[in-house]
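Throughout, a chain's letter reflects where its sequence line sits, starting with A, and its residues are numbered from 1.
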Amino acid sequence: MSLNPTVRVKASMNRKMITLDKGLSVKSAIKLMVKKNIGSVVVTADSSHDPVGIITERDILKSIAYRRVRPEITKIEEIMSTPILSVEQDATLGDAAQMMIKKNIRRLLVKQDNKYVGIITQRDLQKLMTDTIRALLIM
Amino acid sequence: MSIDSISISSFMTTNIVTDTQDQNISSASKKMDENNIGSVIVVDNERDKRAVGIITERDVVRILGKLEPWLLSSPLSALMSKPLITIRSNGSLRDGIQTMYSKNIRRLLVISDKEKSGKIVGIITDKDIFRMLMKNQNLVQSLLTDNMMSQNIQTIHERFAEYWFGDTLIHRR
């Protein structure tokens, strides 16, 4: 059986990376997450498109739990997660899943050569796995 | 070992993190972070600990997104989701997957199969199922071989194997 080279992380990742500048407010990140129903926003610096971090639901949760963060005033860069962890787009979904489990994170940026080309989340992987199992069992 | 023989009780989380319904989202957020989990079960009070709802990490972000300061001090009873969807602890892994699918939810509260009271004994999430399947490639393998009957299944099998395990699984066959 030959491997179909298209069924890898690149086939399942989300190519639309939602980004915000690190100097914007936490409020703008929360609003974007709610509007798009997503769990994270990739953070960029100034005019460059290179990601410098990621702000996740968990960062926001923490800010509410421990600090008196004022979403209108606090900047994204003050609470975002760094460094960015990534996986190559030709990795298998299993590789991506193992990495998330090992690092205890829920999302990875996807790289092609040295460029960021997408994002893949644990929820994407879980859904793919259970969808397949469900198809197998014809439930 | 099969998807029908693995019981819910064998992989559920028995440490259920709760918060009382008079607490606020800051308190619930703290508990989620401290325990590295995505939801807390809301109970009526410390003494009876009767589960009355659930609040998730996504709920917290959605509530903050409303930017209404009074929501930060609202009691969890006004913010939580209810009713709770439950499953019996002697149910199978298949029952768990099916229930999550049919209700379109990612967490199930597990109740005892022994008592009539319906005592809560654990919780399972889609992440628990996912992690268990990732750890038990043999289970996935047997699931695949047991179902290798139709052409359709053959296709799914190939796709599945390639997706998840790449070369390793294919070389092993």
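B:Y101 and B:V110 fall within the same hydrophobic cluster, where Ile, Leu, Val, Met, Phe, Trp and Tyr residues are linked whenever their side-chain heavy atoms come under 4.5 Å apart, directly or through other members. Hydrophobic clustering of Ile, Leu, Val, Met, Phe, Trp and Tyr side chains at less than 4.5 Å, counting indirect connections, unites B:L93 with A:L125. Criterion: ILVMFWY side-chain heavy atoms under 4.5 Å apart, direct or through other members. Under it, B:L71 and B:I55 are part of a common hydrophobic cluster. In the hydrophobic clustering of ILVMFWY residues, with side-chain heavy atoms under 4.5 Å counting as a link, B:I111 and B:I16 come out together. Taking hydrophobic clusters as Ile, Leu, Val, Met, Phe, Trp and Tyr residues chained together by side-chain heavy-atom distances below 4.5 Å, B:V17 does not share a cluster with B:I54.
Salt bridge absent: A:K62 and B:E34 never bring a charged side-chain N and a carboxylate O closer than 4.0 Å.
Looking at A:K27, only its side chain comes within 4.5 Å of chain B, counting heavy atoms on both sides. Proximity to chain A involves both the backbone and the side chain of B:K127, based on heavy atoms less than 4.5 angstrom apart.
With chain B as the partner, the residue from A:L32, A:N104, A:I60 showing the most heavy-atom pairs under 4.5 Å is A:N104. Of the listed residues (B:V60, B:I129, B:N36), the greatest number of heavy-atom pairs within a distance under 4.5 Å of chain A belongs to B:N36.
Proximity of B:L64 to A:I64: side-chain heavy atoms (C-beta onward) are separated by under 4.5 Å at one or more points. Looking at heavy atoms from C-beta onward, A:M33 lies out of side-chain contact with B:R62 at the 4.5 angstrom threshold.
Distance alone, capped at 3.5 Å, is enough to place a donor-acceptor pair between the B:E57 side chain and the A:R58 backbone.
Rounded to the nearest 0.5 angstrom, B:K66 NZ and A:K31 NZ are separated by 14.0 Å. Separating the CZ atom in B:F130 from the CE atom in A:M100 is a distance of 7.5 Å, to the nearest 0.5 Å. To the nearest 0.5 angstrom, B:I63 atom CD1 is 11.5 Å from A:I30 atom CD1.
Side-chain contact annotation: B:R58 with A:N37, donor-acceptor N/O pair under 3.5 Å present.
The environment of A:K75 atom NZ is sparse: at most 12 non-hydrogen atoms of other residues, nucleotides or ligands sit within 6.0 angstrom.
Considering all non-hydrogen atoms of both residues, B:G65 and A:V34 come closest at CA-CG2, 4.1 Å.
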